[in-house]
Amino acid sequence: MNRRELRQQLVAARKGIAPGAAHRAGLQASQQAWKLQILQRATRIAAYFPMGGELDCRALIEQAWARGRDVYLPILHGNRLRFRPYTAATRVAPNRFRIPEPVSGAELPATAMDVAITPLVGFDSAGNRLGMGGGFYDRSFHFLLQRTRWRHPRLVGLAYDLQRLTKIDRQPWDVPLDAVVTESANYIFAV
Ligand SMILES: Nc1ncnc2c1ncn2[C@@H]1O[C@H](COP(=O)(O)OP(=O)(O)OP(=O)(O)O)[C@@H](O)[C@H]1O
Ligand SMILES: [Mg+2]
């Protein structure tokens, strides 16, 4: 199966999860996530606005607020992502992909985040990530590919367990994940 077919199949599976189960999975994933040291240590946490059956990260965002962390959401800046603060009072408006973005607030670059929680379509046991195919996360975090010893920010995928694949062929531009959190487990790829 090529990347396009794989994406179609996995997005359909993700969208097929019933609302109640999806809600529970979001709560369970949030609980799992706070067991990760990289999240426990993070002050600036980039999350995402769940769309298209992506695992609901709202519980994780609320937990981050409750723990006094600064939460950010991505905004499109050309073909890269930048990040704006997100609080309960933040107004959002849809971008060109109809994904809600904060309408105001200081724009920070990817390098300013401690952890970026990314949605994904598929992941494998080596931390390879299959996204929606726009290359936005890969472009925005490309600088991590040059760093061998000190990885910052850390990338944490959030996904359903059913999005786990045996092997994803990694392309030269693909930026791997440090960990993936699902509703039932944490997969840690880099310490
Ligand atoms: N660092 C980069 N510089 C230039 N182009 C890039 C870079 N990273 C990715 N791209 C482009 O983005 C396209 C899509 O990449 P890919 O198929 O890996 O998307 P993805 O990882 O699924 O998407 P996303 O990162 O948005 O979740 C690639 O065909 C490539 O041309
Ligand atoms: Mg990629």
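Numbering of ligands and ligand atoms starts at 1, following listing order.
Considering only non-hydrogen atoms, atom 5 (N) of ligand 1 lies nearest to R139 out of R4, R129, R3, R139.
Distance from atom 21 (O) of ligand 1 to its nearest protein heavy atom, with residue and atom name: D138 OD2, 2.7 Å. Nearest protein heavy-atom contact of atom 29 (O) of ligand 1 is W173 CZ2, 3.7 Å. Protein heavy atom in closest approach to atom 26 (O) of ligand 1: F136 N, 2.7 Å.
Of the charged side-chain nitrogens involved, none lies within less than 4.0 Å of a carboxylate oxygen, so that D56 and R24 do not count as a salt-bridged pair.
Note on F83: it does not cluster hydrophobically with V103, by side-chain heavy-atom contacts below 4.5 Å among ILVMFWY residues.
Distances shorter than 2.8 Å separate the Mg ion (ligand 2) from the protein N/O/S atoms D138 OD2, D174 OD1.
Considering CZ of R84 and CG of L81, their distance stands at 13.0 Å, rounded to 0.5 Å. If you take CD on Q32 and OG on S184, they are separated by 7.0 Å, rounding to the nearest 0.5 Å. A distance of 5.5 Å separates CZ in F141 from CG in L155, rounded to the nearest 0.5 Å.
In terms of N/O distances under 3.5 Å, ligand 1 is approached by G131.
Heavy-atom distances between M132 and ligand 1 reach below 4.0 Å in at least one pair.
Residue G133 approaches ligand 1 through these ligand atoms, each under 4.0 Å from one of its heavy atoms: 14 (C), 19 (O), 20 (P), 22 (O), 23 (O). When each atom of ligand 1 is checked for a heavy atom of G135 under 4.0 Å away, the hits are 12 (O), 14 (C), 15 (O), 19 (O), 20 (P), 23 (O), 24 (P), 25 (O), 26 (O). Here is the list of ligand 1 atoms found below 4.0 Å of a heavy atom in R7: 16 (P), 17 (O), 19 (O), 20 (P), 22 (O). Every atom of ligand 1 with a heavy atom of G134 under 4.0 Å away is listed here by number and element: 12 (O), 14 (C), 19 (O), 23 (O), 26 (O). Of all atoms in ligand 1, listed by their number and element, those nearer than 4.0 Å to a heavy atom of H142 are 1 (N).
Under the salt bridge (charged side-chain N to carboxylate O under 4.0 Å, His left out) criterion, R67 pairs with no residue at all, not counting sequence neighbours.
Of all the heavy atoms in F136 and G78, the pair that sits closest is CE2-O, 4.4 Å.
For atom 12 (O) of ligand 1, a protein heavy-atom neighbour is found at a distance under 4.0 Å.
The side chain of D174, and not its backbone, has at least one atom closer than 4.0 Å to an atom of ligand 1 (non-hydrogen atoms only; side chain from C-beta on).
Side-chain contact annotation: Y187 with D124, donor-acceptor N/O pair under 3.5 Å absent.
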(request) Let me see the working for D178 and R151 under salt bridge (charged side-chain N to carboxylate O under 4.0 Å, His left out), right down to the final yes or no. (result) CA-CA 9 Å; D178 294 288; R151 300 246 310 154; 3.2 Å; yes

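Side-chain contact between R69 and T43 is absent, with no heavy atoms from C-beta onward closer than 4.5 Å.
Between Y86 and W65, the ring center distance clears the sub-6.0 Å criterion.
In summary, of the residues considered (D169, V11, L130), a side chain to side chain contact (heavy atoms under 4.5 Å, CB included) with L6 occurs for L130 alone.
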